[in-house]
There are 2 protein chains.
Amino acid sequence: MGVTKTENFTTHQNELAALAKALGHPARIAILQHLLKVNACIGGELVAEIPLAQPTISRHLQALKAVGLLQGTISGTSVNYCINSARWREVQQLFNGLFDTYVAEQDCGC
Amino acid sequence: MGVTKTENFTTHQNELAALAKALGHPARIAILQHLLKVNACIGGELVAEIPLAQPTISRHLQALKAVGLLQGTISGTSVNYCINSARWREVQQLFNGLFDTYVAEQDCGC
DNA sequence: AAATTATATCGTAATATTGCAATAAACAAA
DNA sequence: TTTGTTTATTGCAATATTACGATATAATTT
């Protein structure tokens with residue numbers, strides 16, 4: 001079907017999955033890495049940086065914005081994108097909340 | 001097209017994206033959470049836990065196994081699944097490697 | 001051997017995602 | 001007003017994902 005049965009899962013599970021999904025494309029990782037590297041708000045110099053067509057990059061930016069990782073503010077004809085620092089940390093803690101649940105490495109024979 | 005242009009990105013970017021993608025479905029989050037909760041290897045009691053059909057859960061398990069987060073060992077007619085602890089920690093550090101790149105919260109006016 | 005149990009795979013249908021060309025929209029500059 | 005610049009949206013086409021029923025596989029049990 002291609003449709004995820006979100007109603008079968010908790011809000012937390014759905015949110016974590018949605019965030020992971022947003023990170024689930026190398027172009028979106030590259031976008032974030034570039035924003036982290038220059039550590040600033042940049043207008044679409046990403047189109048020059050990333051070897052994909054401008055509409056494609058625009059879509060990836062929307063996907064990251066949709067989960068709150070990015071924010072964009074209009075500045076003349078261009079848009080300044082940057083990382084939403086509060087959300088960024090929140091998301092990191094959401095992921096670590098999952099990862100840290102692993103306690104010991106009890107030998108289970110696997 | 002629906003096909004990701006992996007050749008345009010680094011191995012690291014592709015790996016991180018593939019891992020995130022594997023976490024990008026609530027059923028797979030639920031599977032991991034359950035494995036973490038019982039902290040043991042379980043045969044497919046997941047089929048009873050998660051409200052999806054058995055073939056669907058099997059596919060999700062394969063997806064998690066494909067990125068190394070799970071390992072399964074055959075035990076009679078059933079399969080014991082558990083988290084690969086080494087890989088688990090490795091993946092956590094990969095994600096934190098991205099998240100920790102965010103240094104300051106310099107005011108960029110966005 | 002036949003039946004049972006547990007899991008994987010196949011086939012199929014529906015929806016989602018990715019990508020690009022073309023175009024639109026919004027603003028700036030001449 | 002016209003021209004250029006930048007970003008978003010639309011309209012495809014191709015591929016991927018999700019889901020389930022049916023079936024296959026593999027080991028255990030009777």
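Letters A, B, ... are given to chains in the order of the sequence lines, protein chains preceding strands, and every chain is numbered from 1.
OP1 and OP2 of dT17(C) both lie 4.0 Å or more from every side-chain N or O belonging to His60(A). The side chain of Lys21(A) contributes an N or O atom lying less than 4.0 Å from OP1 or OP2 of dT17(C). Residue Thr56(B) places at least one side-chain N or O under 4.0 Å from the OP1 or OP2 atom of dC20(D). Under 4.0 angstrom from either OP1 or OP2 of dA8(C) there lies at least one side-chain N or O belonging to Ser58(B).
For Ile74(A) and Gly24(A), each mapped to the nucleotide of DNA chain C holding its nearest heavy atom, the one lying further toward the 5' end belongs to Gly24(A). Each of Arg59(A) and Thr6(A) has a nearest nucleotide on DNA chain D; the 5'-most of these lies closest to Arg59(A).
A salt bridge links Arg87(A) with Glu15(A); the closest basic N to acidic carboxylate O contact falls under 4.0 Å.
Nucleotide dT7(D) holds its P atom 13 Å from the CD1 atom of Ile50(A), rounded to whole Å. If you measure from atom CG of Leu46(A) to atom P of dT5(D), you get 19 Å, rounded to the nearest angstrom. Atom pair Gln62(B):CD and dA8(C):C1' shows a separation of 7 Å (rounding to whole Å applied). If you take CD of Glu49(B) and P of dT7(C), they are 14 Å apart, rounded to a whole angstrom. When rounded to the nearest whole Å, the span between NZ of Lys65(B) and C1' of dT9(C) equals 13 Å. Atom C1' of nucleotide dT5(C) and atom CD of Glu45(B) are separated by 16 Å, given to the nearest angstrom. What separates CG of Leu61(B) from C1' of dT7(C) is a distance of 10 Å, to the nearest Å. Between the CD1 atom of Ile57(B) and the P atom of dC20(D) there is a distance of 9 Å, rounded to whole Å.
Between the side chain of Gln54(B) and the base of dA8(C), a donor-acceptor pair under 3.5 Å is found.
Nearest nucleotide to the Tyr81(A) side chain, out of dT7(D), dG4(D), dA27(D): dT7(D). Of the candidates dT7(C), dA19(D), dT5(C), dA19(D) carries the atom nearest the His25(B) side chain, counting heavy atoms from C-beta on. For Ser78(B), counting side-chain heavy atoms from C-beta on, the closest listed nucleotide (dT7(C), dG4(D), dA8(D)) is dT7(C). The side chain of Pro55(B) lies closest to dT9(C) when the candidates are dA8(D), dT5(C), dT9(C).
Between the side chain of Trp88(A) and the backbone N or O of Tyr102(B), no donor-acceptor pair lies under 3.5 Å.
Using cut-offs of 30° and 60° on the angle between ring planes, the pair His25(A) and Phe9(B) is perpendicular.
Dense packing is recorded around CG of Leu94(A), with more than 12 heavy atoms of other residues, nucleotides or ligands lying under 6.0 Å away.
The closest side-chain donor-acceptor pair between Gln71(A) and Asn80(A), if any, does not fall under 3.5 angstrom.
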